[in-house]
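Reading through the C-alpha cells given below for one structure.
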Amino acid sequence: MFRKILIANRGEIALRIIWACRELGIRTVAVHSTADSDSLHVRFADEDVCIGPPQNKDSYLNVQAVISAAEITGAEAIHPGYGFLAENAHFAEVCRECGLTFIGPGPDVIRRMGDKAEARRTMIEAGVPVLPGSDGLLRDEEHALELAEEIGYPVLIKAAAGGGGRGMRIVSSIEEMGKLLEAAMTEAGAAFGVPDVYLEKYIVEPRHIEFQILGDAQGNLLHFFERECSVQRRHQKLLEESPSTALDGALRARMAAAALQAARAAEYVNAGTVEFLLDSKGDFYFIEMNTRIQVEHPVTEMVTGIDLIKEQIRVAAGEPISFTQDEVVVSGHAIECRINAEDPERFTPSPGKIRAFHLPGGPGIRVDTACYAECVVPPHYDSMIAKVIAHGNTRGEAILRMRRALESFVVEGIRTSVPMHQRILTDEDFVRGRLSTHFMARFAPGAKKP
Ligand code: MV4
C-alpha cells in the first residue's frame, strides 16, 4: 500500500480523500492556491504545498507545480478527485513518466473515453446499446443530412471532446442543419480546441441514469448499481438519488450487464461511471463514460455501505477488489443535494464570507463539506459548498430526512441554493418519482408554476 498520497484538488473532495487516507494509514499531502491557505484540506493534511495564485491554470491545473509538489514531499501517488486534472490524459501520462501512480484509469482509457465519438464507436463494437447516429465523427453537412434522413428528426449534434452540454445543438429539420452544424463546430472548437462533432438521435425528455463501476488490475469488474441524475439545470446536476424510481429488477439487471460490458470494452481499471439515457418506453442507451470519481459518489456509498474512495486507492495500489458482486447489496434509499453558494432566485454565484454556520445531523444524514464558520468562499472556483446526503429505509423516509436536515442547515453571510432544494423536495412530481432531464424547466426564473 502507498505510504503517502498527494491530493490534487480542493474543497470537500480533497477532505473526503484525506479521510479515506487516514483510515488506510496513508500520509497525505495537500496542494493549494494562495486563495485556499486557510482551507480545511490544508489544515487536515499531514503536509501542504502552495502551488500558485488563485486562477485554476496557475495552480490546480498547473501540471508542473502539482508534480513538483509530489516529488518534493515524496508522495508515491496522486489522487485527482473530480474536475481539474481528473480526466486529463496528459497529466496521467506525466505521472507515469515521473514514477507516480495516478489514482484512476490509465492515460489510454482516459483519452479514448474522453473522445465521446470514439467511446461511442467502442461501445457499438462491443454490442452495448447506443442511439442511432454516426459511427464516428461527422464528415460534413451532407453526411449529417444523410444520417438525419435515415434516423429521423430531431437529431442532436454533440462535441466529440465534450460532455456537459457544450457544443451541443438539437436539429429539428433539414433547413436548420447547416447553420446548427456550423454553430456546434465553432462552439466545440472554442471550448475544447477541436471542432470535431458527432450525431445521435435526440431523445426528448429522457432520464439520465448512470452506473457506478470499479475495476482492479487483476481484471475483476464490479458494478454498484445506479444513480438517477435527471434533476439538473444547465447540465449541472442538482440532486441525485439511488435507486432510480424508473427501474424494476429486470431493467436494472439489463442495464448493469450493459454497464459491465461497456467497462470491459474500455478495459477499465479503477472507479468509473457509465452514463445512459432511458427513454419513456423503457429503452436505454449508452451515452458517455466518466473516468473519475464523481461528485455524487456518496449516494452509492450510502446505499451499499462501501467506501468508494478507499476502494479506488486500494486498486490503484494493485490490490484485488476484496468482495464479490453478490456482496454488493443495496439497502434503503439515498438522496444527495448539492448546495451551492448562489442567489436562489437568479442562480448566480454568491461567494463571500460565511458568518453563522451550522450543519445538519441526526439519523441518516451525512454532510460532505470543507466550509466552516467565518470561512471565505472564493469567487475563483465552483460554487458548490456542501453535499447533504440523506439515507432512509425507503425513498419516502430519505425525502423526509433531507427536508428535515435542510431546515436545520444554517448558512449566513452568503446566499445558498437550499430554498431551491426545499422546493424540489416538496414538488409533487418529484415526490412521485416522475423525473426527466426537463424536470427543472418549471423552476426556471419566469417559468409557470403549475
Ligand atoms: C442527449 C440527450 C438527448 N438525446 N443525447 C446532456 C449532457 C450530455 N452528457 C448528454 N446530454 C444529453 N444527451 C441524446 N441523444 C439529452 C441530453 C440532455 C440535454 C440536452 C439538451 C438540453 C438539455 C439537456 C439536459 C440534460 C440532458
Side-chain angles (χ1 to χ4, degrees), residues 82-83 86-87 113-121 123-124 128-138 144 147-148 150-172 176-177 180-181 183-184 187-188 191-192 196-211 226-241 244 246 258-259 262 272-292 294-296 338 347 424 429-430 434-444 447:
Y82 53 72
E87 290 173 284
M113 293 299 115
D115 180 337
K116 307 302 171 184
E118 179 69 15
R120 192 182 136 82
R121 262 218 317 222
M123 298 313 155
I124 293 170
V128 177
V130 301
L131 286 154
S134 52
D135 277 348
L137 298 177
L138 280 180
L147 285 169
E150 202 176 294
I151 296 163
Y153 290 89
V155 294
L156 188 58
I157 300 171
K158 294 180 169 183
R166 275 195 296 180
M168 279 193 353
R169 288 293 184 281
I170 303 164
V171 183
S172 304
E176 294 176 349
M177 183 63 83
L180 291 179
L181 176 60
E187 192 173 314
F192 311 110
D196 295 351
V197 292
Y198 64 107
L199 182 145
E200 283 179 353
K201 177 159 188 61
Y202 178 64
I203 307 290
V204 185
E205 301 199 26
R207 284 184 185 243
H208 184 167
I209 293 172
E210 59 187 30
F211 274 70
E226 79 276 12
R227 293 184 289 260
E228 162 83 61
C229 302
S230 296
V231 181
Q232 55 83 43
R233 185 172 39 77
R234 288 190 238 127
H235 305 296
Q236 292 278 61
K237 294 167 188 165
L238 302 173
L239 178 153
E240 309 92 356
E241 61 180 305
S244 167
T273 302
V274 183
E275 291 190 1
F276 296 103
L277 293 183
L278 178 68
D279 69 16
S280 52
K281 292 187 312 203
D283 290 328
F284 65 89
Y285 307 93
F286 168 91
I287 50 166
E288 287 175 25
M289 179 152 193
N290 299 317
T291 58
R292 61 172 188 277
Q294 289 191 271
V295 174
E296 59 270 27
R338 299 189 186 190
F347 303 131
I424 294 170
D429 281 345
F430 177 79
R434 292 174 22 173
L435 300 175
S436 83
T437 53
H438 279 53
F439 172 78
M440 284 305 293
R442 81 179 76 191
F443 289 84

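Counting starts at 1 for both ligands and their atoms, following the listed order. Source: prediction; values computed, not measured.
Considering every non-hydrogen atom in both I170 and E176, the closest pair reads O-OE1, 4.1 Å. Of all the heavy atoms in A246 and I209, the pair that sits closest is CB-CD1, 4.3 Å.
Ligand 1 has a nitrogen or oxygen under 3.5 angstrom from a nitrogen or oxygen of K201. Ligand 1 has no N or O atom lying under 3.5 Å from any N or O atom of Q232, backbone or side chain. Looking at ligand 1, you won't find any N or O of L131 less than 3.5 Å from one of its N or O atoms.
Looking only at atom types and distance, the side chain of Q294 has a donor-acceptor partner in the side chain of T273 under 3.5 Å away.
The protein non-hydrogen atom at the shortest distance from atom 19 (C) of ligand 1 is H235 CE1, 3.7 Å. Among all non-hydrogen protein atoms, the one lying nearest atom 17 (C) of ligand 1 is M168 CE, 4.5 Å. In this structure, the protein non-hydrogen atom closest to atom 16 (C) of ligand 1 is Y202 CE1, 4.1 Å. In terms of protein heavy-atom proximity, atom 27 (C) of ligand 1 is nearest to T437 CG2, 3.7 Å.
At a threshold of 4.5 Å between non-hydrogen side-chain atoms, the residues R169 and L181 do not count as touching. Using a 4.5 Å heavy-atom cutoff, the side chains of R233 and F347 are in contact.
Partner of I287 under the side-chain contact (heavy atoms from CB on, under 4.5 Å) criterion, out of R120, K116, E200, M123: E200 alone. Exactly one of H235, E187, K158 qualifies for a side-chain contact (heavy atoms from CB on, under 4.5 Å) with R166. That residue is E187.
Contacts with ligand 1 closer than 4.0 Å are made by side-chain heavy atoms of E288 only, the backbone lying farther away.
Among V204, I287, L277, the residue whose heavy atom lies nearest to atom 10 (C) of ligand 1 is I287. Heavy-atom proximity to atom 3 (C) of ligand 1, evaluated over D279, I157, L199, I203, is greatest for I203.
Each of the atoms 5 (N), 14 (C), 15 (N) of ligand 1 lies under 4.0 Å from some heavy atom of E200.
Ligand 1 is approached by K158 to a heavy-atom distance shorter than 4.0 Å.
Applying the salt bridge (Lys or Arg N to Asp or Glu O under 4.0 Å) test to E210 and every residue at least two apart in sequence or in another chain returns R227, K237.
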